[in-house]
Structure formats: C-alpha cells, structure tokens
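Reckoned from all heavy atoms, side chains included, excluding hydrogens, waters and symmetry mates.
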Amino acid sequence: AELNSSFKKVQHLVPMLSLGNTFTKEDVENYINKTKRFLQIDSNSNLEFLAEPKIDGLSATLIYKNGKLDLGATRGDGKQGENITENIKSIKEIPHYLVGKYPREIEIRGEIYMSNSEFEKLNSIRVAQSLPVFANPRNAAAGSVRQLDSQITASRKLGFFAYNWGFVSENIGGTLVEVRELIKSLGFNLNHPVELCSNLDQMVGFYNKIYENRSNLDFDIDGIVYKLNDISYYDRLGSTDHSPRYAISHKFPAELGITTLKDVKFQVGRTGAITPVAELVPLTIGGVRIKRASLHNKDEIKRLGIVIGDTVSVKRAGDVIPQIVNYNPKLRPAKYKNIIFPEKCPSCNNYLQFEKEDKIIRCLNHANCKEQIIGQLIHFVSRNAFNIDGLGEKQIIELYNNNLIKEPADIFSLALPNENSKHVLIINLPGWGKLSLSNLIDSINNSKKQTIEKVLYALGIRHLGIGTAKLISKNFKTSKELINRILNINDDNKEYFAQDLKLIKNLYNFGKY
Ligand code: IVH
C-alpha cells in the first residue's frame with residue numbers, strides 16, 4: 001500500500017521483505033537445487049520445506065513489549081511503514097496482551113485479511129447505502145485498516161493470520177514448525193492448512209491440492225509459500241535486495257478469460273443509483289459461467305478505455321463479482337460503439353441527477369420508477385429486513401407485475417383473510433398453489449414479530465444500513481414507538497423525505513406490527 005501522510009511513519013527494526021515468485025514446477029525445482037548448492041547440501045538428500053497458503057491481504061507487523069501490544073504497522077515500502085496501532089487494536093484476532101510464556105520483546109508478522117463472507121456482507125451493505133463497492137477482499141481489508149477513524153476499522157470484521165516474525169529478544173525455536181506452535185500459544189491464529197514436505201513432488205502436490213480446493217477456504221489466497229523448516233539456515237542464506245532466500249512463493253495462475261463486450265446496460269438500484277453492467281458473450285472462468293461483469297461507474301469505464309465490441313480480459317476477482325481487466329486494442333472492430341451514459345432513467349425515463357463528479361448517477365423519481373419500487377420491495381422482504389420466507393426476487397416481480405403489490409404495506413394485506421380475490425389470483429399464478437399461498441401467509445404473519453432494527457432497515461432509507469439500524473433501535477422499545485417518532489419528525493427537510501414518510505405512514509396505518 002502507498003504511504004499515506006496522515007499516518008505517522010515507523011522505521012522497521014527488521015526490514016519487511018517480499019517473496020521471490022515461481023510459477024511452474026520447474027521453477028520450484030530450480031529454487032530447491034539452488035538452495036541446496038548454496039547450503040552445500042548433497043543434491044540427492046532431502047531438505048524440509050513447510051508449504052503454507054499465501055494470504056491475499058495486507059501484511060502487518062505487531063511489536064509486543066513485555067507481552068503488551070506496543071505498536072502495529074503496515075509494511076509500507078518494506079523499510080518504513082505506517083503506524084496503525086489504534087486501528088489494529090480494533091481487530092479482534094489481534095491480541096492486546098500475549099498469553100503463555102512470551103519473550104520480553106517479539107515482533108509478530110502476518111496478514112490482515114477480510115473473509116469472503118464478510119466481504120460480500122460489507123459490499124451488499126455498501127450497495128444499500130449507495131456507496132461504491134470494494135473490488136475484492138484485499139482492497140476492502142486495506143481500505144478498512146487505513147481508515148483514520150478506528151471505529152470504521154472496528155465495524156469491518158477483519159482477521160489476522162500470523163506467519164512470520166521480525167525482531168525477537170531471545171531464541172524462540174529451531175524449526176518453523178516449533179516457532180509456529182509458539183506463536184499459536186501466544187494467542188494468534190496461524191495461516192492454514194500447512195504441510196511439512198521433504199521433496200519437490202510433495203510440495204507441488206500440496207500446491208495442486210490447495211489450488212483445486214481453494215474455493216472451500218473463506219479467505220483469498222494467491223499461491224503457496226514454501227519455507228525452509230530449519231531456521232538455522234535462514235541467516236546462512238541471507239537475502240537479496242527484495243526477498244529472503246529461505247522462502248519462495250509459488251503463485252496460482254490468475255483466473256482470466258477472454259471474451260467480447262456485447263453491450264453495456266444500466267441497472268437501476270432500489271435507491272435510484274444507476275450502475276453500468278457489462279454484458280459479455282458468455283464464457284466460463286474457473287468452472288463458473290459468466291455473462292456479466294461489474295463496471296462500477298463512469299471513472300472505471302474511462303480508466304479501462306473500453307468500447308462496445310472490444311475483446312476484453314475478464315477476471316473473477318476473489319471468486320465474487322467478475323471484472324473487466326483490460327481490452328486488446330489490436331482486436332478493436334472497425335464498427336465499435338462508444339459507451340454512452342443515459343441522460344434519462346432506463347426504467348422510468350425521468351432525467352437523472354449526477355453526484356460526486358459523476359461517480360454516482362441517480363434517478364430521483366423514487367415513487368414511480370418501476371425498477372426502484374421492485375428493488376425496494378425485494379429489500380423489504382430480504383434476510384436482514386422482514387425476512388419473509390417464500391418471497392424472493394422472482395415472486396416479488398411476479399406479484400408486482402400482476403398488480404398484487406405496489407408498496408411494502410401491500411405485502412401485509414396479502415395475508416388478510418378477507419382478501420379472497422387476491423388469493424385466487426395468486427393460486428393461479430404459475431408455480432403457485434393452495435399450499436404455497438398458505439405458507440406465504442404464515443411467513444408474512446410471522447414476520448410481523450420482527451425486531452426493531454430489522455423494521456428500520458427494511459424501510460430502505462439511504463445511508464441506513466443494518467449497523468446503523470442496530471444503533472438507532474437501541475433507543476426504542478417497540479417498532480411502533482420508532483415509527484411514531486419518524487412520523488413526527490419536525491425537520492426542514494421533511495419535504496425531501498416525503499416519499500419515505502408516505503411509505504412508512506402506509507405501513508403504520510396498516511397497524512399490523
Ligand atoms: S512470509 C520475507 N508467508 O506476501 C517474506 N508472506 O510477497 C516474509 N504473504 O509481504 C513473508 N502470505 O504480505 C509470508 N504465508 C505467508 C504469506 C506471506 C502472504 C505476503 C506478505 C508479504 C508478501 C510477499
């Protein structure tokens with residue numbers, strides 16, 4: 001990560017080097033042979049390496065003095081990092097105090113990362129709040145750690161894997177396996193899985209096994225690191241300018257695919273934000289069929305310099321949202337089309353508003369824009385909101401298109417016993433029957449007991465994610481009390497909220513929760 005002037009600089013006691021890279025079995029074989037020659041070890045004898053996953057996060061160093069966390073810093077340029085102690089303290093997996101038998105001073109090094117599940121959660125909250133999403137868990141982790149406000153770091157659940165050490169005041173063990181045990185006993189999580197290997201085939205066997213099963217891990221890895229188990233070799237081998245000779249990384253091939261950019265569609269989110277989405281000639285990357293890729297915003301399209309018709313490389317970033325990496329200028333067709341941002345909403349034809357130097361483009365016709373309304377309804381029944389089983393995206397669209405629901409309050413009216421005509425219509429929709437209707441009525445009725453925070457989040461108010469909803473709801477005993485308070489807000493901006501207030505009023509008048 002680049003140095004940010006806002007954080008104080010720290011000089012590393014022991015430089016934080018990077019690792020040399022290998023890409024093929026042959027590269028790894030050459031590395032082993034070179035290491036044996038260097039150590040004057042017979043080429044036929046075995047040398048033990050610990051093979052471990054290379055975590056795709058950001059490296060950090062933690063200095064503990066007399067068992068207490070004294071300093072946490074980023075790698076920076078390897079010689080000088082940034083003091084991020086306050087932010088680091090908010091990461092649960094980083095102990096403030098060591099446990100067990102610890103050296104007087106020890107510098108623990110490892111990787112701060114965000115799990116894939118946490119990453120997806122964070123991005124979906126950001127979408128709900130109309131904030132730009134993070135491209136991958138690594139960026140999300142880096143962005144979270146480099147926050148000036150450590151409360152933001154705390155709100156993003158980050159993990160830490162310890163895999164190395166810097167300055168240590170005393171001897172902590174003769175082998176890597178022993179030192180890892182010690183580091184674990186001090187209270188850290190170790191990167192895993194690992195395997196102690198005594199030859200090339202075992203090392204590459206581990207690499208292949210992990211590569212094939214990497215989607216089972218909840219964190220991103222970009223390769224395997226092989227490290228000598230015998231620590232007494234480390235000083236003898238020394239290091240180059242960039243990397244120590246006791247270890248090497250064996251990188252995974254990037255998951256790229258090549259295809260054609262067919263078109264760019266503009267999606268309307270539930271808050272009216274317009275997002276460009278690349279429509280691709282379908283391709284398969286790493287076993288996953290890909291038809292679309294995220295283009296984030298206008299800046300991203302400008303940065304890529306792509307046009308419709310281009311041959312593009314597509315990457316499956318962190319096994320989540322596919323992204324366009326670049327295009328091949330030599331293959332640009334004579335008849336290409338520029339990507340033109342619409343001036344009017346693709347759903348309702350209303351004029352759009354451009355915000356934050358065009359980074360966010362929004363349709364303000366919240367009350368009458370079909371895609372927004374459907375988006376709001378989907379949000380309303382989603383897991384963190386009313387959590388209504390049996391009402392997913394497909395069903396919402398179907399009920400909306402058949403004029404059965406137009407706003408959240410209508411969902412509750414579906415469950416009323418006297419709504420016979422609606423019930424008959426639902427039963428006759430494809431895929432529906434008496435049983436599914438009766439299940440739906442049960443889940444709607446059950447959802448009325450929802451917690452205050454979920455009710456608040458369900459309203460779909462911009463900048464009000466589930467975290468904020470939790471905080472606000474602490475001040476109210478019942479949902480009714482909360483809704484009453486919102487309806488009685490005396491605010492100059494009341495007009496601005498008119499639409500939100502109308503929806504809330506309808507729900508409230510419905511009086512069912
Ligand atoms: S050992 C001198 N082990 O990879 C090297 N590094 O390219 C000491 N990394 O900056 C690091 N997983 O951020 C080591 N299991 C692992 C790792 C790992 C990820 C990162 C680390 C380092 C970079 C080097």
Side-chain angles (χ1 to χ4, degrees), residues 122-135 261-280 291-310 312 321-324 327 336-380 382 385 393 396-397 400-401 405-408 457-465 468 491-504:
L122 174 67
N123 263 357
S124 65
I125 292 172
R126 289 178 72 84
V127 167
Q129 296 179 339
S130 307
L131 293 169
V133 292
F134 288 108
L261 177 62
K262 255 196 331 194
D263 201 357
V264 173
K265 289 270 159 67
F266 294 87
Q267 250 174 21
V268 188
R270 70 174 170 83
T271 62
I274 312 282
T275 325
V277 178
E279 304 254 312
L280 306 166
K291 296 189 192 119
R292 286 183 201 92
S294 157
L295 284 170
H296 304 301
N297 53 39
K298 227 176 178 170
D299 275 3
E300 173 73 354
I301 294 176
K302 209 162 117 195
R303 187 185 70 79
L304 288 166
I306 47 172
V307 297
I308 294 164
D310 268 342
V312 291
I321 318 162
Q323 272 185 295
I324 294 182
Y327 73 100
Y336 65 80
K337 253 172 54 193
N338 283 318
I339 301 167
I340 314 253
F341 269 69
E343 282 177 16
K344 290 179 172 181
C345 173
S347 167
C348 71
N349 222 24
N350 221 56
Y351 276 100
L352 299 172
Q353 173 172 292
F354 291 73
E355 300 169 17
K356 299 190 180 159
E357 295 166 348
D358 295 357
K359 275 208 181 67
I360 295 175
I361 303 172
R362 201 182 294 281
C363 167
L364 296 181
N365 183 21
H366 305 307
N368 304 304
C369 179
K370 179 178 168 182
E371 280 198 48
Q372 285 188 63
I373 296 171
I374 290 180
Q376 275 174 27
L377 289 165
I378 293 170
H379 171 79
F380 191 84
S382 65
E393 187 172 332
I396 291 280
I397 294 172
Y400 179 90
N401 285 339
I405 48 171
K406 288 286 166 213
E407 61 167 293
Y457 176 69
L459 299 175
I461 296 169
R462 267 172 67 192
H463 307 297
L464 209 157
T468 314
D491 190 295
D492 291 346
N493 292 323
K494 208 161 178 169
E495 226 168 90
Y496 185 78
F497 301 133
Q499 179 59 22
D500 289 331
L501 289 174
K502 193 179 139 237
L503 285 178
I504 296 167

Engineer: Could you list the residues that satisfy side chain to side chain donor-acceptor pair (under 3.5 Å) with Asp263, not counting sequence neighbours?
Structural biologist: none
Engineer: Quick one: list whatever passes salt bridge (Lys or Arg N to Asp or Glu O under 4.0 Å) with Arg126, sequence neighbours left out.
Structural biologist: none
Engineer: Sequence neighbours excluded, which residues qualify as salt bridge (Lys or Arg N to Asp or Glu O under 4.0 Å) partners of Lys359?
Structural biologist: Asp299
Engineer: Lys406 and Tyr400: which non-hydrogen atoms are nearest, and at how many Å?
Structural biologist: NZ-O, 3.4 Å
Engineer: Quick one: pull up CD1 in Ile339 and NZ in Lys298 and give me the separation to the nearest 0.5 Å.
Structural biologist: 11.5 Å
Engineer: Is there a side-chain contact between Val264 and Pro276 in this structure, where contact means two heavy atoms from C-beta onward sitting under 4.5 Å apart?
Structural biologist: yes
Engineer: Excluding sequence neighbours, so at least two apart, what forms side chain to side chain donor-acceptor pair (under 3.5 Å) with Glu300?
Structural biologist: Arg303
Engineer: Short question: side chain of Gln372, backbone of Cys363 - any donor-acceptor pair under 3.5 Å?
Structural biologist: yes
Engineer: Heavy-atom count around Glu371 CD within 6.0 Å, excluding the residue itself: above 12?
Structural biologist: yes
Engineer: List in chain and number order the residues that pass ring pair (Phe, Tyr, Trp, His ring centres under 6.0 Å) with Tyr457, two or more places apart in sequence or in another chain; answer none if no residue qualifies.
Structural biologist: His379
Engineer: Evaluate the side chain to side chain contact (heavy atoms under 4.5 Å, CB included) criterion for residues Lys370 and Asn401: first the C-alpha distance (whole Å), next the side-chain angles of each, then the deciding distance (0.1 Å), finally the verdict.
Structural biologist: CA-CA 10 Å; Lys370 179 178 168 182; Asn401 285 339; 3.2 Å; yes
Engineer: With sequence neighbours left out, what residues match His366 under ring pair (Phe, Tyr, Trp, His ring centres under 6.0 Å)?
Structural biologist: none
Engineer: List the residues meeting side chain to side chain contact (heavy atoms under 4.5 Å, CB included) with Ser294, not counting sequence neighbours, and say none if there are none.
Structural biologist: His296, Ile321
Engineer: According to ring pair (Phe, Tyr, Trp, His ring centres under 6.0 Å), who are the partners of Phe354, at least two apart in sequence or on a separate chain?
Structural biologist: none
Engineer: Measuring from Arg462:CZ to Leu131:CG, what's the distance to the nearest 0.5 Å?
Structural biologist: 9.5 Å
Engineer: Return the minimal non-hydrogen interatomic distance between Ile373 and Ala367, and the atom names on each side.
Structural biologist: CD1-O, 3.3 Å
Engineer: Hey, what do you get for SG (Cys345) to CD1 (Ile361), rounding to the nearest 0.5 Å?
Structural biologist: 11.5 Å
Engineer: For residues His463 and Thr468, report the shortest heavy-atom separation together with the two atoms involved.
Structural biologist: O-OG1, 4.1 Å
Engineer: Shortest non-hydrogen contact from Gly305 to Asp310?
Structural biologist: O-OD2, 4.3 Å
Engineer: In Å, rounded to the nearest 0.5 Å, how long is the span from OG of Ser382 to CG of Leu377?
Structural biologist: 11.0 Å
Engineer: So that I can tick it off, tell me whether Arg292 and Glu279 are bridged by a salt bridge, with the cut-off set at under 4.0 angstrom between side-chain N and carboxylate O.
Structural biologist: yes
Engineer: Can you check side chain to side chain contact (heavy atoms under 4.5 Å, CB included) on Tyr327 and Leu261, steps first, answer last?
Structural biologist: CA-CA 9 Å; Tyr327 73 100; Leu261 177 62; over 6 Å; no
Engineer: Let me confirm one number: the CD1-CD1 distance from Ile301 to Ile324, rounded to the nearest 0.5 Å.
Structural biologist: 8.5 Å
Engineer: Under the rule for ring pair (Phe, Tyr, Trp, His ring centres under 6.0 Å), what residues qualify as partners of Phe266, not counting sequence neighbours?
Structural biologist: Phe341
Engineer: Could you pull out the closest heavy-atom pair between Ala128 and Arg270, with the gap in Å?
Structural biologist: CB-NH2, 2.9 Å
Engineer: Just jot down the side chain to side chain donor-acceptor pair (under 3.5 Å) partners of Asn350, sequence neighbours excluded, or say none.
Structural biologist: none
Engineer: If you take all heavy atoms of Pro346 and Ile274, which pair is closest and at what distance?
Structural biologist: CD-CD1, 4.1 Å
Engineer: Just jot down the side chain to side chain donor-acceptor pair (under 3.5 Å) partners of Arg362, sequence neighbours excluded, or say none.
Structural biologist: Ser130, Thr271, Glu355
Engineer: Can you check side chain to side chain contact (heavy atoms under 4.5 Å, CB included) on Leu459 and Leu464, steps first, answer last?
Structural biologist: CA-CA 9 Å; Leu459 299 175; Leu464 209 157; over 6 Å; no
Engineer: Under the rule for side chain to side chain contact (heavy atoms under 4.5 Å, CB included), what residues qualify as partners of Val127, not counting sequence neighbours?
Structural biologist: Val133
Engineer: In Å and rounded to the nearest 0.5 Å, what is the CG to CD1 distance from Leu352 to Ile360?
Structural biologist: 13.0 Å
Engineer: Surrounding CD of Gln353 (heavy atoms of other residues, nucleotides or ligands, distance under 6.0 Å), is the total greater than 12?
Structural biologist: yes
